[in-house]
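Here is how names work: the chains are called A, B, and so on, in the same order as the sequence lines, proteins then strands, and each is numbered from 1.
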There are 2 protein chains.
Amino acid sequence: MSTRTPSPKPARQAPRSARAAGAHAPAAVDERYAEELKLWVVLSRAHAAVGRHSEADIARHGLSSAEFGILEALYHKGPLLLGDLQRRVLVSSGGTTFLVDRLEKKGLVAREACPNDRRARYAVLTGAGRALIRRIFPDHAAAIARAVGGLTREERRAATKLLRTLGRAAAEADGGEPG
Amino acid sequence: MSTRTPSPKPARQAPRSARAAGAHAPAAVDERYAEELKLWVVLSRAHAAVGRHSEADIARHGLSSAEFGILEALYHKGPLLLGDLQRRVLVSSGGTTFLVDRLEKKGLVAREACPNDRRARYAVLTGAGRALIRRIFPDHAAAIARAVGGLTREERRAATKLLRTLGRAAAEADGGEPG
DNA sequence: AGTGATTATCTCATTGCTGAGATATGAATC
DNA sequence: GATTCATATCTCAGCAATGAGATAATCACT
């Protein structure tokens, strides 16, 4: 994985322009939201770090993260309209079509008509799809559990609560709130 | 934005196969790691929700998230080796070259030789780059602050601490630890 | 039943990004 | 000073994913 190179850090000399007096002095406003920015940074890093574990586990089975998400959603929720699937897996509309197409080609998912609404289509697991997700899901759950194992049970509970609140508030503030 | 469609949910009839007796009954193992999985889910959702705010703000200035990340890193840290930049912005090696190329074309960043190591190159902000990031950073910080405003200061502090612990532990467990 | 607004899915051009390998330099050993 | 291994960046082919627009069906009203 070329993204991560845990290398030793030989102290190198900074280039001329870096040493030019105060060349990159950050503005005072930086202090103002430092705490909020820090939260955003650690949120991103934690997500990336855990996500790396998740994807590494999923990739072993020849699936992408999004594909796995679809199989998992169908496994636990039963047949879903493509739109519901889209919202659940956090992917674009085109992406949903693309992913379901591919899973269909792999024989893991099928489309089914919705009796009430002929615009809509259900995605459903095939027998092979159900068998696959049933087989790999436990390992995946264990991999995630290891990935978040750096927190104690109590800490995980607290983190879950905070993140749920944070996520909900951020999602709702999408429109644009008054300052 | 077609990714998100906050639509009302008319109750539709599930297709036949969904009602077939226990067709998608989840396995018992699902309970075992439910708490850890939940944490991963809310972490992903919170990250996506806040990230949406971040990207919406950055896009207003014609920059991608990764481009902004580079400018921001150079602004606060001064000139950085491309490798350091890569680690900081969480992008692949090829991506770093690509992004710095593009920022160079935009006249915001320049490459500079490293006097000690002729393999290495520094990325440095140009005058225009520094002016740009200095102009847009405060707004961006404010946007992030709004996005995470669903938590109180005390909650943010707690969340930051937990996420830092979580991220570090997950990153270190990359190799593969004994069960 | 007809009209228009809304909703669901699909199409497709574009693109950002990855990751393996190439190239070039540096450090260490003989 | 040659050789070998490690490191830093760049090249490039390939692909997943986006998002605007097309198509089709439904709903709300008259």
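Closest to the A:Ser92 side chain, of the nucleotides C:dT9, D:dT18, C:dG26, is D:dT18. Comparing atom distances between the B:Ala120 side chain and each of C:dT25, D:dT18, D:dT9 picks out D:dT9 as nearest.
Counting to the nearest Å, the P atom of C:dT15 and the CD atom of B:Glu55 are 17 Å from each other. When the C1' atom of C:dT11 is taken as reference, atom CG of A:Leu82 falls 15 Å away, rounded to whole Å. B:Glu112 has its CD atom 19 Å from the P atom of D:dA8, to the nearest Å. The CZ-P distance, from A:Arg121 to D:dA24, rounds to 13 Å in whole Å. B:Asn116 places its CG atom 15 Å from the C1' atom of D:dT7, with the value rounded to the nearest Å. Protein atom CD of B:Glu67 is 12 Å distant from nucleotide atom C1' of C:dT15, rounded to whole Å. A straight line from CG of B:Leu81 to C1' of D:dC10 spans 15 Å, rounded to a whole angstrom. Atom-to-atom, CG of A:Leu80 to C1' of C:dT9 comes out at 15 Å; the value is rounded to the nearest Å.
Qualifying side-chain contact (heavy atoms from CB on, under 4.5 Å) partners for A:Ala123, counting only residues two or more places apart in sequence or in other chains: A:Leu74, A:Leu82, A:Leu85, A:Val109. B:Arg157 pairs by the salt bridge (charged side-chain N to carboxylate O under 4.0 Å, His left out) definition with B:Glu154, not counting sequence neighbours. Evaluation of the salt bridge (charged side-chain N to carboxylate O under 4.0 Å, His left out) rule for B:Arg156 yields A:Glu35, A:Glu36 as partners, not counting sequence neighbours. Under the side-chain contact (heavy atoms from CB on, under 4.5 Å) criterion, A:Ala142 pairs with A:Arg146, B:Tyr33, not counting sequence neighbours. A:Arg168 meets the side-chain hydrogen bond (donor to acceptor under 3.5 Å, both in side chains) test with no other residue; sequence neighbours excluded. A:Ala128 is linked by a side-chain contact (heavy atoms from CB on, under 4.5 Å) to A:Leu108, A:Thr126, counting only residues two or more places apart in sequence or in another chain.
Under a cut-off of 6.0 angstrom, the local environment of NZ in B:Lys106 is crowded, with over 12 non-hydrogen atoms contributed by other residues, nucleotides or ligands.
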Let me have the donor-acceptor pairs involving side chains of residues 95-104 of chain A, under 3.5 Å, with sequence neighbours excluded, atom names and distances please.
from	atom 1	to	atom 2	distance (Å)
A:Thr96	OG1	A:Ser92	O	3.0
A:Asp101	OD1	A:Arg111	NH1	2.9
A:Asp101	OD1	A:Arg111	NH2	3.1
A:Arg102	NE	A:Glu67	OE2	2.9
A:Arg102	NH2	A:Glu67	OE2	3.4
A:Glu104	OE1	A:Arg111	NH1	2.5
A:Glu104	OE2	A:Arg111	N	3.3

Listing, residues 41-51 of chain A side-chain donor-acceptor contacts under 3.5 Å, not counting sequence neighbours, or none:
from	atom 1	to	atom 2	distance (Å)
A:Ser44	OG	A:Trp40	O	3.0
A:His47	ND1	B:His47	ND1	3.3

Listing time: all N or O pairs from protein to nucleotides 3-6 of chain D that are below 3.5 Å?
none

Enumerate all atom pairs, one protein N or O and one N or O from nucleotides 11-16 of chain D, separated by less than 3.5 Å.
from	atom 1	to	atom 2	distance (Å)
D:dA16	OP1	A:Arg102	NH1	3.1
D:dA16	OP2	A:Arg102	NH1	3.3
D:dA16	O5'	A:Arg102	NH1	3.1

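Each end of the helix from C:dA1-D:dT30 to C:dC30-D:dG1 gets its own axis from five base pairs, and the two axes differ in direction by 30°, given to 10 degrees.
Here the closest heavy-atom approach between residue B:Ile133 and residue B:Leu71 is recorded as CD1-CB, 4.0 Å.
Side chain of B:Gln86 to main chain of B:Gly83: no donor-acceptor pair is present (N/O by atom type, distance under 3.5 Å, no hydrogens or angles).
Each of A:Thr96 and A:Arg118 was matched to the nucleotide of DNA chain D holding its nearest heavy atom; the match closer to the 5' end belongs to A:Thr96.
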